[in-house]
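Chain naming here is simple, since letters A, B, ... match the order of the sequence lines and numbering starts at 1 in each.
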Amino acid sequence: MRYNPQTIEEKWQEKWGDEGIFQPEISDKEKYFITIPYPYLNGNLHAGHTRTFTMGDVIARHRRMLGQNVLFPMGFHATGTPLIGLAELIAKRDPETMRVYTELHGIPEDLLEKLDSPEALAAYFGREAEAAMRLIGYSIDWRRKFTTIDPAYKKFIEWQFERLHELGCVVKGSHPVRWCPNDRNPVEDHDLLRGEGANILDYTLLKFRLKSDALNTPDASDTSDESNVWILPCATLRPETVFGVTNLWINPDVVYVKARVNSEQWIVSEEAYQKLTYTDREVERIGEISGRDLVGKTVENPVIDHDVLILPASFVDPANGSGVVMSVPAHAPYDYLALRDLKGVELIDYGILDLSDIELISLIAVPEMGEFPAVEIVEELGVKDQSDPLAEQATKLVYRREFHHGVLKNNTGEYAGVAVSKIKDILTRDLIERNLADIFYEFSELPVVCRCGTTCVVAMVKGQWFLNYSNPEWKSKVYAHLARMQILPAELRIEFENKIDWLKDKACARRKGLGTRLPWDDEWLIESLADSTIYMSYYIISKYIGQLDVEQLTPEFFDYVLLGKGKIDDVLVDHDLTRQIRDDFEYWYPVDIRSSGKDLIPNHLLFFIFHHVALFPEEKLPKAIAINGFVSLEGEKMSKSKGPLLTLKQSVGEYGADVVRLYILSTSEHTQDADWRSEGVESTRKQVERFYNIAHDVIEMPEAEADCEPKVIDRWMMSRLQRRVQETETALSVLRTRHALQNAFYLLMSDLKWYQRRGGISSLKEVMNVWIRLMAPFTPHICEELWEAIGGDGFVSLADYPVPDPDLIDSNSERAEKLVEDTLDDIEEITRVAGITPEKITLFTAPLWKNLVLKQALIAKQSGKLDMGALMKELMSNPEIKKHARDVPKFAQKLVRDVQNWNDEQVAYSLAGVDELDVLAESAEFIGKEFGCSVAVLDADSAGDDVDLQGKRRFAEPGRPAIYIGGQQ
RNA sequence: GCGGGGGUAGCCAAGCCAGGUCAACGGCGCAGGACUUAAGAUCCUGUUGUGAAGACAUUCAAGGGUUCGAAUCCCUUCCCCCGCACCA
């Protein structure tokens, strides 16, 4: 009987389909609703999908066999821009695209040429994806499939956004993006020549007012006239240090711009001025002023009553921030160094006579550091001056210590006592409210250059629609629900918490792409991640779409079926049908588990929770999330657009569905990345074949042969089987597929090998019956085939999943086999090391007195009172032991040392013991066969000296018989 | 930089949370043997070193510490992977 995966797999997929066994309806049974993120339709499914989806299918199949009513649906994602981009590239026959899609995605060229519209692509890849998922045997209810550009789905999305809008979750605002002024477009990482890693940082601009002795105005002292007020905004990431400013820095060699910014007058560098024009401020250039002319002037600190001088500094980079820098020498090494560097420099040209008035102001208390951390670190590192590269390091060091451990001092007024790590947002918000500060966005690395060669800026997109994820109330509801959710693996919970914390408002509308329009503002398309947040509920509806008219899908309909709100009279869909859908929803929802790749944690999975929490009552919120890692190919990262790529279809075509499924899940688990290696798949194929062959041997075995009295080895086999079943179930319950398969497949297989080696027969059929069911979630086709062959009832996919039977756990037989195995290993080692070809093996079990000593020691250990003195006293009171008084101390001493280190389990194991003489005698024939010689088993007490040729028997210990091997060296 | 996950014998990879049967599960590869006309398949054995009797020595990124005892706990350092947003 040759294993032919293609035949078997086709056969069972057809049967499953014909009988519709994966099309659940509501019933009295407990339900289980599992979903996997639907695939995006810009290519064929590949090894990465194979992993995530197979994971889901195994969960579904496992739950189904546990007796739950399992719903496992699937849809397709087509919203957004990639499909449009791809269609354009195909339409213009872009050579690279044509190559990738013919070679890697395996699309015939003539067919590919026709896929020049997003709709054609979506239709094609949708068909291919479904075919691929059927080919690998996923137990999906295909009646519910849909695509995110279906008219009915759009109605659903419109309803969702209508609701979110009402709830105040969608708001209008502005937000910063990386922007190419030349292309007049936001840029993404792959659009960039330089600065791919650049983040957008939010600097605080602190508004220092120029004092009255200022600029070209006849009567500058009249500050009631706004035109006389000039603001020097300083950009900083550490706004709290404004309390410690001693001076400002201006680059004397730079020409600054005087500008009207909204209703104020600012002085900033040329570059900063340009940047401001891309923000949502109204900006007008008024004039220029040289940095040199600003030096020596005085400004007012916006937060405290303190006037400070403007000093010259060459380190001020006009391209960075506003080109105006505030100086906090107590906490910023550069400022301290620059100030120190100015000492003794002639500044009279700037009208500055003396810097001796400038005193450092400390505002942060850091444990184990003095008043002026910057000074301390500069001296510690021996930084020479502001151009010394060490200055950078000093800055980081101070920052790190102050940020993590620093607390604001009393001179920060109402903020005293606040941790530095918490102050930024609070202070910035307060100062903006009082119009003393502003936000200024800047890249974390400069420059950022677009592919077109233009330097990018941060631009504010105006009038954008946002999901206001930063809303603390929304967030706290999400936190609260997260705490109730199961996260697998559990270690990732903290990651979710961190990401919830980190999440800011998210722009949710786009100008370009496929998708649904915002119902209240049809110039905007709903962004594609935002339209994929609660679609699991749509699977309930999608099954019935053929029975209703899209125009009937009014908000009242969705309110009624999804939220149980409103009156059925307001619903246009047939009322019986509506009630049916409502019942379905009540039965199937919430999602019991969402299983996904780890790349979706900071986006989709987060939004999934956010939107559910916003829209649904607590009992309809998702219960669990499971995460799995990526898949690489022969150590290389996969890429849909460049390769390498292995499609699901290719891999199944080459190895068969069951082999692919088994391989992808056994090679790694949880967040570990799996590496697809053809060598490994090949060996998995052989293992599956072996499984098939073993099974057939067993199935074809005549009943009579199998029918005999159960021996130790049979009890051992059944006992091991229970343990494997138990481990598999435990592992599967937390989705440790690798661990599950190690037990369900590999370890069980090696148990079975040992069983057969030991001559076991009578349990084979029963083991096989369990084994087939145990493997069914992983390799369903081959298991159906074997289940049928073994005469199982119905589909194995619907059979009961094995549960361990505690009554069949037989520790005694396991201990017995352990003894045999250990003895075998010892004999093996002796023959190898001594180079003996054995002719006769004699085994001596330990004498009674040694067993008594051990037992006594174990009992003492168990009661926590094992010590040599007391033990000896007790031992010697036993006449049987006392007979061997000469040998007892040495043996006992070694024993005490060993037993002292044992844990409870070991003690109990050893205490239970086995009848060694009996066990070894029974396996003498087996051992003899293994070594091709005769084996005698004696007990050390009764064996005569004539059989103990080399006096070996004195080495016998409990659990470790003495061995004498006669033979040729 | 911040956050998360890692570094175990030729490779992959358990063990680490709950320290002690851990020279360290399992698989692959490799070597030897059995079976076979041969190959394949299957089975057995070995795969840190030493060892003519079942042993001993040295290992779990590196260094230090806690402990009777550390791959496992603590500290420091080095290295790798992933995410950091308007892409899906």
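- Atom CE in A/Met638 sits about 14 Å away from atom P in B/rC82, given to the nearest Å.
- Remark: the A/Lys506 side chain and the B/rC86 base include a donor-acceptor N/O pair separated by less than 3.5 Å.
- Rounded to a whole angstrom, the distance from the C1' atom of B/rU76 to that of B/rC12 is 31 Å.
- Contact check for A/Pro176 versus A/Met460: side-chain heavy atoms found under the 4.5 Å cut-off.
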Under 4.0 Å protein heavy-atom contacts per nucleotide of nucleotides 1-13 of chain B, with B for base, S for backbone only and - for none: --SS------S-S
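- Looking at heavy-atom distances under 4.0 Å, A/Ile200 makes no contact with the nucleic acid at all.
- Proximity of A/Leu764 to A/Leu752: side-chain heavy atoms (C-beta onward) are separated by under 4.5 Å at one or more points.
- For the ring pair (Phe, Tyr, Trp, His ring centres under 6.0 Å) with A/Tyr40, the qualifying choice from A/His46, A/His49, A/His77 is A/His77, the only one to do so.
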For RNA chain B, what is the dot-bracket line, given that a base pair needs Watson-Crick (N1 to N3, plus N6-O4 or O6-N4) or G-U wobble (N1-O2 and O6-N3) geometry with both distances under 3.5 Å, and | means paired with another strand? ((((((((.[[[..)....(.....]]]((((((.......))))))(((....)))...[[[[[..)....]]]]])))))))....
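- Within the 4.5 Å cutoff, side-chain heavy atoms of A/Ile827 are placed close to those of A/Ile927.
- A cation-pi arrangement, defined by a distance under 6.0 Å to the six-membered ring centre and an angle within 45 degrees of its axis, is absent between A/Lys506 and A/Phe466.
- In this structure, A/Arg897 reaches neither bases nor backbone, as no heavy-atom distance under 4.0 Å exists between it and the strands shown.
- Residue A/Ser666 is out of contact with every strand shown, counting any heavy-atom pair closer than 4.0 Å.
- Following rounding to the nearest Å, A/Glu727 (CD) and B/rG15 (P) show an atom-to-atom distance of 11 Å.
- Among the atoms of the strands shown, base atoms are found under 4.0 Å from some heavy atom of A/Lys504.
- Comparing the C1' positions of B/rU8 and B/rA14 gives an interatomic distance of 10 Å, to the nearest angstrom.
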Starting at the 5' end of nucleotides 43-57 of chain B, put B wherever the base has a protein heavy atom under 4.0 Å, S where only the sugar-phosphate does, and a dash everywhere else. SSSS----BBBBB--
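- Nucleic acid contact for A/Asp898: none, since no nucleic acid atom lies under 4.0 Å from a heavy atom of the residue.
- A cation-pi arrangement is found for A/Arg815 relative to A/Tyr909, the charged atom lying closer than 6.0 Å to the ring centre and inside a 45° cone about the ring normal.
- If you take atom P in B/rC75 and the same atom in B/rG26, they sit 33 Å apart, rounded to whole Å.
- Summarising the geometry, the separation between CD1 on A/Ile601 and P on B/rA85 is reported as 16 Å, rounded to the nearest angstrom.
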Nucleotide N/O of nucleotides 17-20 of chain B paired with protein N/O under 3.5 Å:
from, atom 1, to, atom 2, distance (Å)
B/rG20, O2', A/Asn901, O, 3.4
B/rG20, N2, A/Asn901, OD1, 3.1

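- Look at CG on A/Leu605: it is 19 Å from P on B/rC82, rounded to the nearest Å.
- Counting any heavy atom pair closer than 4.0 Å across all strands shown, A/Glu527 reaches sugar-phosphate atoms only and no base atom.
- Nucleotides B/rG4 and B/rA9 are separated by 27 Å at their P atoms, to the nearest Å.
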Protein heavy-atom contacts under 4.0 Å, written 5' to 3' over nucleotides 69-74 of chain B as B (base), S (sugar-phosphate only) or - (none), form the string ------
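- Among the atoms of the strands shown, base atoms are found under 4.0 Å from some heavy atom of A/His175.
- For the pair A/Arg953 and A/Tyr964, the cation-pi criterion (under 6.0 Å, within 45° of the ring axis) is not fulfilled.
- Nucleic acid contact class of A/Asp501 (heavy atoms, under 4.0 Å, all strands): none.
- Counting only residues at least two apart or in different chains, salt bridge (charged side-chain N to carboxylate O under 4.0 Å, His left out) contacts with residues 739-751 of chain A comprise A/Arg720-A/Asp751, A/Arg724-A/Asp751.
- Straight-line distance between the C1' atoms of B/rA70 and B/rG19: roughly 6 Å, to the nearest whole Å.
- Considering every non-hydrogen atom in both A/Phe443 and A/Cys456, the closest pair reads CE1-O, 3.4 Å.
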